[in-house]
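This structure is a prediction, so every number in the text was calculated from the model and none was measured. Sequential numbering from 1 along the given sequence is applied to the chain's residues. Every number for a ligand or one of its atoms is a count from 1 in the order of the listing.
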Amino acid sequence: LTQDDLKKIAAYKAVEYVESGMVLGLGTGSTAKHAVDRIGDLLRQGKLKNIVGIPTSKKTHEQAVSLGIPLSDLDSHPTLDLAIDGADEVDPFLNLVKGRGGSLLREKMVEGACKKFIVIVDESKLVNYLGGSGLAMPVEIIPFCWKFTAARLQNLFEESGCDARLRTFGGKDEPFVTDNGNYIVDLYFKKSIGDLKVASDAILQLAGVVEHGMFLDMATTVIIAGELGITIKNK
Ligand code: DER
């Protein structure tokens, strides 16, 4: 089984939780893409009806439009029944790192408004502690004086051996710009950042920071697809 096979297996399992009439948060990324495709299939087959989708990125919005999934937004639906989305890291307490696709702000807004939030991952996303993969922990910041903000973020986590890097795209030095017109600083850690709530609050206190990619105590179910089968963890 390829990693994409596993992503698809997790995604299809999550869509089994979708009932007709639901207002759904539609996630972003290569795993969530399979879930959105599946929802589109079931709508077309008439097996699902009266679904309203709330996309978590312009990219997912376009995918959903192409599939004919009826769409709305948080202004019209401030509370959603269910969101399905991927994650970059999942710790043993179902805390997540998200945002390596750059959509963390809208994802956190949508998924924070849901009664249930199902996370779909292949087993490679499991970590012992957040930041433990040594890969990026994204922070969305405003473009104004981004170097100033990046330096403050790096200093905040000095003891964890933090390296803060502006996310660029296309190999050039052009800053990556989010759907919301902001920049992303990716934090790389050499050691655990300790208490996640303390870290989260410290990041959000910095003026110039919009949001970070730690989704703490938000997932209600995590569906993990591995070589040996599917594992479902509930909060
Ligand atoms: O950027 C994001 O938040 C994505 O959902 C990410 O967390 C998972 O992306 P993937 O399914 O492509 O690995």
message: Within ligand 1, which atoms have a heavy atom of Gly29 less than 4.0 Å away?
response: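 Numbered from 1, ligand 1 contributes 12 (O).
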- request: Considering the heavy atoms of Lys7, write down every atom of ligand 1 situated less than 4.0 Å from one of them.
  value: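 So the atoms of ligand 1 that pass are 13 (O).
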query: Can a donor-acceptor pair be found between the side chains of Thr168 and Glu174 at a distance below 3.5 Å?
result: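 No - no donor-acceptor pair under 3.5 Å links their side chains.
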Side chains of Thr2 and Asp4, donor plus acceptor under 3.5 Å: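 Side chains of Thr2 and Asp4: no pair found under 3.5 Å.
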- request: Using atom types as modelled and distance alone, determine if a side-chain donor or acceptor of Asn234 lies under 3.5 Å from a backbone N or O of Thr221.
  value: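 Flag not set: sc Asn234 to bb Thr221 has no pair under 3.5 Å.
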- request: Measure the distances from the heavy atoms of Asp85 to every atom of ligand 1 and state whether one is below 4.0 angstrom.
  value: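 Judged by the 4.0 Å heavy-atom criterion, Asp85 does count as contacting ligand 1.
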Looking only at protein heavy atoms, identify the closest one to [atom] and say how far it is in Å.
atom	value
atom 7 (O) of ligand 1	Asp88 OD2, 3.0 Å
atom 10 (P) of ligand 1	Ser30 OG, 3.4 Å
atom 13 (O) of ligand 1	Lys125 NZ, 2.6 Å

Within the structure, does [X] bring an N/O atom to less than 3.5 angstrom of an N/O atom in ligand 1?
X	result
Gly101	yes
Thr31	yes
Gly99	yes

Test side-chain contact (heavy atoms from CB on, under 4.5 Å) applied to Val121 and Leu96, Thr31, Leu6, Val222, the passing residue: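 Of Leu96, Thr31, Leu6, Val222, side-chain contact (heavy atoms from CB on, under 4.5 Å) with Val121 is met by Val222 alone.
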message: Do Met137 and Leu104 sit in one hydrophobic cluster, given that two such residues count as connected whenever their side-chain heavy atoms are within less than 4.5 Å of each other, even indirectly?
response: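 No; tracing contacts between hydrophobic side chains, which count when under 4.5 Å, never links both residues.
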- request: Give a yes or no on whether Ile120 and Val36 share a hydrophobic cluster (residues Ile, Leu, Val, Met, Phe, Trp, Tyr; joining criterion: side-chain heavy atoms under 4.5 Å apart).
  value: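 Yes, it is one cluster - the side chains of Ile120 and Val36 are joined through contacts under 4.5 Å.
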task: Could you tell me which residues satisfy side-chain hydrogen bond (donor to acceptor under 3.5 Å, both in side chains) with Asp195, sequence neighbours excluded, listed by chain and number?
output: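 Expected list: none.
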query: Heavy atom under 4.0 Å from ligand 1: found in Thr28's side chain, backbone, both, or neither?
result: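 Under 4.0 Å from ligand 1, Thr28 contributes backbone atoms alone.
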- prompt: Between Arg100 and ligand 1, which part of the residue brings a heavy atom under 4.0 Å of the ligand: side chain, backbone, both or neither?
  reply: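 Answer for Arg100: backbone.
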message: Within the 4.5 Å heavy-atom criterion, are Val18 and Ile84 side-chain neighbours or not?
response: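 Yes, close enough: below the 4.5 Å cut-off.
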